[in-house]
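The block underneath contains the structure these notes are about, expressed in structure tokens.
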Amino acid sequence: MIVYVKESFAINVNTIMPWVKKTINIMPLSSLDDVKTNDIIVISKADEDFCNNDLSGYNIVIYEDFCEKISLNIIKEFQDNYDYYYLKNALSVATNPNTISIISGSSYGLFGIDTSLLSNAVNFSLMSQDLYYSLKGIYYVWRKNRNIKNIVLCVGYYLFFYDVSKTQNSTEIQRVSKVYNPLFDDIHNCFLLPPPKKHSLSK
């Protein structure tokens, strides 16, 4: 299969490259005669002259429609897995040698501490994050950044008796599936780990 790009002022081969696997050939379209039945042609809505051709026998992808669909799916993925991306990013930033203070724990830390008022601090507290995974995040950062001078652990009394990996709450156990296991490869005390719920792609 070859992806042909009808180059115009709106798109060219370089525009399409980031969207396609590196193993797939991408070429500018010079003639429809070159296109085989399993090839794909990417065109822009802005290329009116080409769009007015009879393209019924070809696999056509409209660039603008494709971008909109991908963008909506990226937004949906981020919304469905916000905690994963939030924690992944916070842990990554915390490993920067400039970070000297880290904050972990449950929602007390997430909503109760404004890191913009602190210098060189990163907060990776999360809703319903238990003590085990709070410490897991601290240890992860400390192994990669030995410049850490301050560690704040935000807890309530219940945190010492709470284990998210043993919860019966289907929403909370999904945190192990969707957040902690992908990041730390650790299901802790979870006996049966449900697969992460995934949204269906927009059609």
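Starting from 1, each residue takes its place in the sequence as its number. All figures in this text were calculated on a predicted structure; none of them were measured in a lab.
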**Request:** Start with the C-alpha distance between Asn150 and Leu118, add both sets of side-chain angles, then the distance that settles side-chain contact (heavy atoms from CB on, under 4.5 Å), and finish with yes or no.
**Result:** CA-CA 11 Å; Asn150 307 299; Leu118 306 170; over 6 Å; no
Within one Ile-Leu-Val-Met-Phe-Trp-Tyr cluster: [X] and [Y], side-chain cutoff 4.5 Å:
X      : Y      : result
Ile103 : Val122 : no
Ile138 : Phe184 : yes
Ile70  : Ile75  : no
Leu135 : Ile113 : no
Met1   : Met17  : yes

**Message:** When you compare the side chains of Asn89 and Ser92, does any donor N or O come within less than 3.5 Å of an acceptor on the partner?
**Reply:** no
**Prompt:** Just checking, is any N or O donor in the side chain of Tyr132 or Asn189 under 3.5 Å from an acceptor N or O on the other one?
**Reply:** no
Hey, is the main chain of [Y] close enough, under 3.5 Å, to the side chain of [X] for a donor-acceptor pair?
X      : Y      : value
Glu172 : Thr167 : no
Glu77  : Leu72  : no
Asn123 : Gly109 : yes
Asp186 : Asn181 : no
Asn120 : Ile100 : no
Asp39  : Ile2   : yes
Ser101 : Ala121 : no
Lys88  : Pro182 : no

Side chain to side chain, [X] and [Y], heavy atoms closer than 4.5 Å:
X     : Y      : value
Tyr86 : Leu110 : yes
Ile43 : Tyr58  : no
Tyr63 : Thr15  : yes
Thr95 : Tyr140 : yes

Minimum heavy-atom separation for [X] and [Y], please, with both atom names.
X      : Y      : result
Ile187 : Ser165 : O-CB, 3.4 Å
Val179 : Tyr84  : CG2-N, 3.8 Å
Ile62  : Lys45  : CG2-CG, 3.4 Å
Phe9   : Ala46  : CZ-CB, 3.6 Å
Asn145 : Thr99  : ND2-O, 3.0 Å
Ser44  : Ser8   : CB-OG, 4.3 Å

Would you say [atom1] of [X] has more than 12 non-hydrogen atoms from neighbouring residues, nucleotides or ligands within 6.0 angstrom?
X      : atom1 : result
Tyr158 : OH    : yes
Asn38  : CG    : yes
Tyr85  : OH    : yes

Distance check, rounded to the nearest 0.5 Å: [X] atom [atom1] versus [Y] atom [atom2]?
X      : Y      : atom1 : atom2 : answer
Ile11  : Ile16  : CD1   : CD1   : 4.5 Å
Arg175 : Asn169 : CZ    : CG    : 9.0 Å
Ile173 : Lys166 : CD1   : NZ    : 11.0 Å
Phe111 : Ser125 : CZ    : OG    : 10.0 Å
Lys6   : Asn12  : NZ    : CG    : 11.5 Å
Trp142 : Ile102 : CH2   : CD1   : 11.0 Å

**Item:** side-chain contact (heavy atoms from CB on, under 4.5 Å) between Val176 and Val164, worked out
**Value:** CA-CA 7 Å; Val176 179; Val164 71; 4.0 Å; yes
**Request:** Please work out whether the ring planes of Phe78 and Tyr82 are parallel, tilted or perpendicular, with thresholds of 30° and 60°.
**Result:** perpendicular
**Asked** Taking the inter-plane angle between the rings of Tyr133 and His188 on a 0 to 90° scale, is it parallel (under 30°), tilted (30 to 60°) or perpendicular (over 60°)?
**Response**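 Ring orientation of Tyr133 relative to His188: perpendicular.
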**Request:** Go through Ile41 and Leu55 one step at a time and tell me if the side-chain contact (heavy atoms from CB on, under 4.5 Å) criterion holds.
**Result:** CA-CA 10 Å; Ile41 303 173; Leu55 302 172; 5.5 Å; no
**Prompt:** Do Val61 and Trp19 pass the side-chain contact (heavy atoms from CB on, under 4.5 Å) test, and can you show the C-alpha distance, the side-chain angles, and the key distance before you say yes or no?
**Reply:** CA-CA 12 Å; Val61 173; Trp19 300 96; over 6 Å; no
